[in-house]
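What's counted below: heavy atoms across the whole structure, side chains too, no hydrogens, waters or symmetry copies. Residues: numbered from 1 along the sequence shown. Worth saying up front: this structure is predicted, and the values here are computed from it rather than measured.
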Amino acid sequence: MKSTVVQVTTGSREVVHDITGECERFAAGEGGDGLLHVFVPHATAGVAIIELGAGSDDDLLAALADLLPADDRWRHAHGSRGHGRSHVMPALIPPYATIPVLNGRMALGTWQSVALVDLNVDNPERQVRLSFLAG
């Protein structure tokens, strides 16, 4: 298994951050067939396979705001208002995804991208671990 860590700056706002390019480059560098595992070692971030750039990323953030409002209901309360919801989000959008790789290319659908989902405005620096398991 080969593995690397990619640094991602998400900034001070909620974000659906496209990491498809980093994933493609890593998979291409490994070549061949196998599985690409994408993992974020954070308690407040997730990985989504989703269409990006056509409004779906904003729709996802809106849906998460409806499901997990940034208010004072959360028992886990420190940092920015509603911070506890960021700790619940990975139960809905897990901190990992596994993608088949064929001939060094991710076998994603036509409109699928790989995204880091981060609602935690208190932590703008993230790591994404990419691991390739050859077939």
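Note on L35 and V47: separate hydrophobic clusters, where clusters join Ile, Leu, Val, Met, Phe, Trp and Tyr whose side-chain heavy atoms are under 4.5 Å apart, directly or indirectly. Hydrophobic clustering (side-chain heavy atoms under 4.5 Å, transitive across Ile, Leu, Val, Met, Phe, Trp, Tyr) groups L67 together with M89. F39 and I99 fall into different hydrophobic clusters, where Ile, Leu, Val, Met, Phe, Trp and Tyr residues are linked whenever their side-chain heavy atoms come under 4.5 Å apart, directly or through other members. Placement of F132 and V38 within a single hydrophobic cluster is found when ILVMFWY residues are connected by side-chain heavy-atom separations under 4.5 Å, directly or transitively. The cluster map of Ile, Leu, Val, Met, Phe, Trp and Tyr, joined by side-chain heavy atoms under 4.5 Å apart, puts M106 and I50 in different clusters.
A donor-acceptor contact shorter than 3.5 Å links the side chain of T20 to the backbone of V114. At least one donor-acceptor pair under 3.5 Å links the side chain of D33 to the backbone N or O of N103.
Considering every non-hydrogen atom in both P95 and P90, the closest pair reads CD-O, 4.0 Å. Between L52 and S113 the shortest heavy-atom distance is CD1-CB, 3.6 Å.
Looking only at side-chain heavy atoms (C-beta outward), V101 and E30 stay at 4.5 Å or farther from each other. Proximity of E51 to L60: side-chain heavy atoms (C-beta onward) are nowhere separated by under 4.5 Å. The closest side-chain heavy-atom distance from R126 to N120 is below 4.5 Å. Inter-residue side-chain proximity for L92 and L68 is flagged as met; some heavy-atom pair is nearer than 4.5 Å. Two residues are said to be in side-chain contact when any heavy atoms from C-beta on lie closer than 4.5 Å; V8 and I19 meet this criterion. Within the 4.5 Å cutoff, side-chain heavy atoms of L130 are placed close to those of C23.
Note that CG of L64 is 11.0 Å distant from CG of D59, once rounded to the nearest 0.5 Å. The structure places OG1 of T10 at 8.0 Å from NE2 of H17, a figure rounded to the nearest 0.5 Å. Separation of atoms CG (N123) and OG (S86) is listed at 10.0 Å; rounding is to 0.5 Å.
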query: Given the rule in the side-chain contact (heavy atoms from CB on, under 4.5 Å) test, do T44 and L119 qualify, once you have shown the distances and angles that lead to the verdict?
result: CA-CA 7 Å; T44 58; L119 302 182; over 6 Å; no
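By the 30° and 60° cut-offs, the orientation of the rings of H37 relative to Y96 is parallel.
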